[in-house]
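Okay, so here's the structure we're looking at.
Just so you know, these numbers use all the heavy atoms, side chains as well, and skip hydrogens, waters and symmetry mates.
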Amino acid sequence: MGKRRRVAERRKTKPAVVGGLIAVAVVGGAFGAYSLYGGGASAEDRTSAGHKAVKTGPPTAAEVTALSTRFLTAWQSGEVAKAAGATTDAGAATTVLTGYTKDAHITGVTVTAGRPSGASVPFSVKATVTYQGKSKPLAYESKLTVARRAVDGVALVDWKPSVVHPDLQDGDRLVTGAAGTPPITALDRAGGELTTAKYPSLGTVLDGLREKYGKTAGGTAGIELRVVRKAAAKGTQKSPDKTLVTLSEGTPGTVRTTLSAALQADAEQQVEKKTRASVVVMRPSTGEILAVANQSHGFNTALQGSLAPGSTMKVITSSLLIEKKIASADKPHPCPKYVTYGGWKFQNDDKFEIKGGTFKASFARSCNTAFISQAKKLENADLTQQAQQVFGLSMNNWAIGVPSFDGSVPVQSQAQMAASLIGQGGVRMNPLNMASVASTVKSGVFHQPYLVSPDVDHRKLATASRTLSADTLSQLRELMQYTAAYGTAAEAMSGLGPDYGAKTGSAEVDNQKKPNGWFTAWKGDLAAAGVVQQGGHGGDTAGPIVAALLKAGS
């Protein structure tokens, strides 16, 4: 991906667990705090008039000790008002802490703080969940951060629901009782059981399957402590609830998926080779999802991620340019070092240029300016319509069997529209979406991906309103085949031809030193796409993951 103004990506980050200032221990229910550096809270600075000066800068070691001790001691003692008062949002903290006892039926809380550093304090929690005469232990790790309130400089615990439990997000609740949804046993396509013990990154998938099919799969509910997720915003899918402790087992129903046990195992191994890697494998001829894996198990980036796809988006853009007779695979096409459009100056990686080259050469080398230079010939809505009408994306109507995001290609203008042509601007995708793009090119028609057959619940799958012409489709396949053989994807795809095609991508993101690396490809009746966040060029990072799975599934 060439150098240019970088596009901000909305994403959630977690504070690092660090060591350092205090050690807090709980023995027999007593909570004690010990400063490793000595001394109590320092006296507040005052102006010559006797008024308090507003403190700035990070909290001091003494403030971190005092606030974390105050909060954790009060929480352990059941003093909700006192604990909430030590946070930056007393109202929200009161709601969650009250529900911790009242709705979740958690008692006997014992908190042990670890050794923090700076403003972050890790701690462990041990407690008991009791409901209708049944009890089970609860144990987990969490952390808090002390921050200075801007308005008056007072140091307080920076409130987030995840302080109380790491699985809690804004609007979520902890509830113990008869589970609203019976458990399920998920099966792979051959009838083998899918568990997180065997496939760790399937946790969110299994939660989603239970959420959707638990009430109709023939099971009965048990008694559980679970995270009840907040209602979804209009037009989005609710995240599945999560079971934390099972007090009494329900009877599970059975849900068969399209997943391949062998490919899922391979995918799990492949993503573990890279930090923050995600991948999806599917079958172009049917839309069946064969594998879903994420190196980070807390969020299903593979199915629900919303990331700029970088140059993998050029597959869709190329179909648009060819269809409009603006470009042709073997005809000359400009690839200068720079192009200015809408007030932005775009350039290629390392400022390369191709003199006298064809559009196929520009695609294979991922020339940004070859696409940006054509923006003036396009209407603002052209790319959006192409993504929707041909590739079935960006209409929020996929029903794969678990929560997913089907991409976003908003109508934009000026520089943002131009940036969208190369997968930046406002375009957002995930590996599922880009595997589907490769599948559409290979099969010639959009098949909505799915993880559970629509025959199970008679749901309607999304469709595209039209297909590409035979000539456009032939050229698009030629572009991807040439890239797999001779372009930026050649090293990763070596030995997989001749029935193959690929496209690499890199997407720049604000506050990242390295771009996200993308790769989408097909081989035979398999298609796959992957992303390695902060990985660098897609051919070097996501490429080997995708290629290994295409080879394994052949």
**Asked** What residues form a side-chain contact (heavy atoms from CB on, under 4.5 Å) with Glu79, not counting sequence neighbours?
**Response**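 Residues passing side-chain contact (heavy atoms from CB on, under 4.5 Å) with Glu79: Ala74, Ser77, Lys82.
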
side-chain contact (heavy atoms from CB on, under 4.5 Å) with Trp518: of Met313, Met434, Lys503, only one passes, and it is Met434

Residues passing the ring-ring contact (aromatic ring centres under 6.0 Å, His included) test with Tyr450, sequence neighbours excluded, are none

Mind listing the closest non-hydrogen atom pair of [X] and [Y] along with its distance?
X	Y	result
Thr107	Ala127	O-CB, 3.4 Å
Ala507	Pro309	CB-C, 4.3 Å
Leu549	Ala267	CD2-N, 3.5 Å
Lys126	Ala139	CG-CB, 4.3 Å

Residues passing the salt bridge (charged side-chain N to carboxylate O under 4.0 Å, His left out) test with Asp241, sequence neighbours excluded, are Lys238

With side-chain contact (heavy atoms from CB on, under 4.5 Å) as the criterion, how do Asp457 and Lys212 come out once you've worked through the C-alpha distance, each side chain's angles and the decisive distance to 0.1 Å? CA-CA 10 Å; Asp457 53 357; Lys212 184 168 181 61; 3.5 Å; yes

*Does Glu193 CD have over 12 foreign heavy atoms under 6.0 Å away?*
yes

*asked:* Quick check on Lys136: does its NZ atom have over 12 non-hydrogen neighbours (other residues, nucleotides or ligands) under 6.0 Å away?
replied: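 Enclosed.
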
Under the 3.5 angstrom rule, does the side chain of [X] hit a backbone N or O of [Y] as a donor-acceptor pair?
X	Y	result
Thr384	Val409	yes
Thr504	Gly538	no
Ser142	Val163	yes
Thr257	Leu451	no
Asp188	Leu194	no
Glu224	Leu244	no

Can you tell me how far the [atom1] atom of [X] sits from the [atom2] atom of [Y], to the nearest 0.5 Å?
X	Y	atom1	atom2	result
Phe391	Ser319	CZ	OG	4.0 Å
Ser278	Asn430	OG	CG	9.0 Å
Ser306	Arg428	OG	CZ	6.0 Å
Thr312	Met429	OG1	CE	8.0 Å
Glu272	Ser296	CD	OG	9.5 Å
Phe405	Ser394	CZ	OG	7.0 Å

Tell me the salt bridge (charged side-chain N to carboxylate O under 4.0 Å, His left out) pairs involving residues 84-112, sequence neighbours left out?
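Pairs touching residues 84-112 that pass the test: none.
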
For residues 280-308, the salt bridge (charged side-chain N to carboxylate O under 4.0 Å, His left out) pairs (sequence neighbours left out) are Arg189-Glu288, Arg283-Glu288, Arg283-Asp525

Taking only distance into account, with no hydrogens and no angle test, what donor-acceptor pairs under 3.5 Å do side-chain atoms of residues 172-185 form with protein atoms, sequence neighbours excluded?
| from | atom 1 | to | atom 2 | distance (Å) |
| --- | --- | --- | --- | --- |
| Asp172 | OD1 | Lys230 | N | 3.0 |
| Asp172 | OD2 | Gln169 | N | 2.9 |
| Asp172 | OD2 | Arg229 | NH1 | 2.8 |
| Thr176 | OG1 | Ala104 | O | 2.6 |

Set out, in order, the CA-CA distance, both residues' side-chain angles and the distance that settles side-chain contact (heavy atoms from CB on, under 4.5 Å) for Trp398 and Ser436, then state yes or no. CA-CA 12 Å; Trp398 287 15; Ser436 179; 3.9 Å; yes

| Worked verdict on Ser465 versus Gln389 for side chain to side chain donor-acceptor pair (under 3.5 Å) | CA-CA 5 Å; Ser465 61; Gln389 296 172 5; 4.8 Å; no

Heavy-atom side-chain proximity of Gln534 to Thr275 below 4.5 angstrom: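 No, too far: nothing below the 4.5 Å cut-off.
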
